[in-house]
Amino acid sequence: MNNYQTIADYYAQHRDEIVRFVTMRIGDSDVAQDMVQDIFVRLLRSDKLISLTTLPALTFTMARNMIADWYRRRRIIEEYEHYIIGTGDSHESMESLISAHELMARMEHTLARLAPECRDAYRLHIYAGMQVGQIAEQTHLPYRAVEYRIGQARRAVRQALKQAL
C-alpha cells in the first residue's frame with residue numbers, strides 16, 4: 001500500500017476524530033476543519049515514508065503544532081487590536097485607527113514598489129502566516145531565496161514606516 005492510499009484511508013476513518021480534537025482546543029469548528037484539511041494535504045505532499053504505525057502520532061503532532069501557531073497568531077492580532085483601540089476616549093481611538101490605516105496604506109504603497117517576487121513572499125509570510133519553508137515549497141524556490149526576498153521586503157517596509165513616523 002503506498003503513502004497516498006494509507007493517508008486517504010486514515011483520513012476517511014479518523015477525520016471526524018481529529019476535527020473534534022482541534023475543535024475542543026480552539027472552539028471554532030470551521031477553522032478546525034480547515035486545519036485538519038491542511039494537515040492531510042501536507043501529509044500527501046510529504047515525500048517521507050509514512051506507515052500506519054507512525055501516521056496517528058504524526059497527525060496529532062501536526063494538529064498540536066497548528067493549534068499552537070493559531071494561538072500565537074491570534075495573540076498577536078489581539079495585541080494589535082488592543083493597541084489600536086487603546087484606552088483613551090473614542091476621539092483618541094478614532095485617531096489611532098486612522099493612523100493605523102495610514103500606516104497600512106503606506107506599507108501597501110511600499111510593497112507595490114517592490115519586485116513582485118519580494119512582495120509575494122512578504123504577503124504570504126505576513127498575511128497568510130506561512131513559514132519560509134512553506135513559501136519555498138509552494139513557490140518552488142530555494143529556502144534561502146525566499147528568506148532573502150522576505151528580508152528585502154521587511155527592510156523596505158521598515159524604512160517606509162520609519163519615514164512615516
Side-chain angles (χ1 to χ4, degrees), residues 1-84 100 104-105 107-158 161:
M1 189 182 297
N2 64 14
N3 274 352
Y4 295 118
Q5 191 60 46
T6 303
I7 294 168
D9 291 345
Y10 186 81
Y11 178 79
Q13 292 174 358
H14 299 281
R15 179 192 170 280
D16 294 338
E17 174 187 351
I18 299 167
V19 169
R20 281 192 304 273
F21 174 82
V22 175
T23 302
M24 283 178 41
R25 280 146 183 86
I26 65 171
D28 187 342
S29 64
D30 292 334
V31 174
Q33 289 177 18
D34 290 344
M35 281 185 185
V36 171
Q37 183 176 356
D38 287 345
I39 290 168
F40 282 98
V41 167
R42 287 181 187 179
L43 287 170
L44 289 170
R45 287 185 180 165
S46 174
D47 57 351
K48 307 285 190 264
L49 182 62
I50 299 173
S51 70
L52 248 115
T53 308
T54 60
L55 190 56
L58 181 60
T59 304
F60 281 97
T61 299
M62 290 174 75
R64 281 192 301 276
N65 291 341
M66 287 184 103
I67 291 166
D69 289 344
W70 183 82
Y71 273 113
R72 205 173 296 120
R73 280 193 303 272
R74 182 178 167 134
R75 182 184 50 107
I76 290 169
I77 290 168
E78 286 175 356
E79 287 175 3
Y80 183 70
E81 286 174 346
H82 177 71
Y83 172 74
I84 289 176
M104 194 67 148
M107 185 177 84
E108 284 299 323
H109 179 72
T110 302
L111 287 175
R113 292 190 329 234
L114 291 175
E117 302 85 24
C118 293
R119 179 178 53 238
D120 295 342
Y122 184 80
R123 284 190 172 140
L124 287 172
H125 184 66
I126 297 299
Y127 297 132
M130 294 175 72
Q131 300 297 321
V132 175
Q134 294 170 322
I135 297 169
E137 185 178 306
Q138 181 177 334
T139 59
H140 306 292
L141 293 170
Y143 183 91
R144 298 287 294 168
V146 173
E147 200 172 50
Y148 175 78
R149 290 173 180 177
I150 291 173
Q152 290 292 101
R154 279 185 179 159
R155 279 188 282 285
V157 168
R158 193 178 307 126
L161 294 180

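This chain uses plain numbering: 1 for the first residue, then up along the sequence. No hydrogens, no waters, no symmetry mates; every other heavy atom, side chains included, goes into these values. Bear in mind the structure is a predicted one, so any value in this text is a computation, not a measurement.
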K.L.:
Using the rule given for side chain to side chain contact (heavy atoms under 4.5 Å, CB included), can you reason through Tyr148 versus Glu117, listing the C-alpha separation, both sets of side-chain angles and the distance that settles it, and then say yes or no?
P.N.:
CA-CA 10 Å; Tyr148 175 78; Glu117 302 85 24; over 6 Å; no
K.L.:
Do Arg20 and Thr23 meet the criterion of a side-chain donor-acceptor pair at a distance under 3.5 Å?
P.N.:
no
K.L.:
So, do Leu44 and Val41 sit near enough that their side-chain heavy atoms are less than 4.5 Å apart?
P.N.:
no
K.L.:
Establish, from distance only, whether the side-chain atoms of Gln152 and Arg155 form a donor-acceptor pair under 3.5 Å.
P.N.:
yes
K.L.:
As a quick check of understanding, evaluate side chain to side chain contact (heavy atoms under 4.5 Å, CB included) for Met66 and Val22, giving each step before the final call.
P.N.:
CA-CA 9 Å; Met66 287 184 103; Val22 175; over 6 Å; no
K.L.:
Calculate, to the nearest 0.5 Å, the distance between atoms CG and CD1 belonging to Leu124 and Ile150 respectively.
P.N.:
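Here the rounded value is 8.0 Å.
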K.L.:
Can you tell if the side chain of Ile18 reaches within under 4.5 Å of the side chain of Phe40, non-hydrogen atoms only?
P.N.:
yes
K.L.:
Determine all donor-acceptor pairs shorter than 3.5 Å in which one atom belongs to a side chain in residues 128-147; sequence neighbours excluded.
P.N.:
residue: Gln134; atom: OE1; partner: Gln131; partner atom: N; Å: 2.7
residue: Thr139; atom: OG1; partner: Ile135; partner atom: O; Å: 2.7
residue: Arg144; atom: NH1; partner: Glu147; partner atom: OE1; Å: 2.7

K.L.:
Would a 4.5 Å heavy-atom cut-off, applied to side chains only, mark Met62 and Leu43 as touching?
P.N.:
yes
K.L.:
Looking at every heavy atom in both Arg119 and Leu114, which two are closest together, and how far apart are they?
P.N.:
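Heavy atoms only, the tightest pair is NH1-O, 3.2 Å.
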K.L.:
Please report the closest heavy-atom contact between Leu55 and Thr6, naming both atoms and the distance.
P.N.:
CD2-O, 3.9 Å
K.L.:
Quick check: closest heavy atoms across Ala153 and Cys118, and the distance to 0.1 Å?
P.N.:
CB-O, 3.9 Å
K.L.:
Give the minimum heavy-atom separation between Tyr10 and Thr59, together with the two atoms involved.
P.N.:
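For Tyr10 versus Thr59, the nearest heavy atoms are CE2-OG1, 3.7 Å.
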K.L.:
What closest approach, in Å, do Ile26 and Tyr71 show between heavy atoms, and which atom pair accounts for it?
P.N.:
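Minimum heavy-atom separation between Ile26 and Tyr71: CA-OH, 3.7 Å.
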K.L.:
Should we say atom CZ of Phe21 is surrounded by more than 12 heavy atoms from elsewhere, each under 6.0 Å from it?
P.N.:
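Yes, the 6.0 Å shell around CZ holds more than 12 heavy atoms from other groups.
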K.L.:
Distance from Arg42 atom CZ to Ile39 atom CD1, nearest 0.5 Å?
P.N.:
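Arg42 CZ to Ile39 CD1: 8.0 Å, rounded to 0.5 Å.
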K.L.:
Flag the pair Leu111 / Glu108 as yes when at least one side-chain heavy-atom distance between them is below 4.5 Å, and no otherwise.
P.N.:
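Yes, their side chains come closer than 4.5 Å.
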K.L.:
Using the side-chain hydrogen bond (donor to acceptor under 3.5 Å, both in side chains) definition, which of the options Gln13, Arg15, His14 pairs with Tyr11?
P.N.:
Arg15
K.L.:
Should the pair Asp120-Arg123 be classified as a salt bridge under the 4.0 Å nitrogen-to-oxygen rule?
P.N.:
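No, no charged N to carboxylate O under 4.0 Å.
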K.L.:
In this structure, are over 12 heavy atoms from other groups packed under 6.0 Å from Tyr4 atom OH?
P.N.:
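Counting neighbours around OH of Tyr4, 12 or fewer heavy atoms of other residues, nucleotides or ligands fall under 6.0 Å, so no.
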K.L.:
Going by side-chain hydrogen bond (donor to acceptor under 3.5 Å, both in side chains), name the residues that satisfy it together with Arg45, two or more places apart in sequence or in a different chain.
P.N.:
none
K.L.:
Apply side chain to side chain contact (heavy atoms under 4.5 Å, CB included) to the pair Asp9 and Leu52, showing each step before the final yes or no.
P.N.:
CA-CA 10 Å; Asp9 291 345; Leu52 248 115; over 6 Å; no
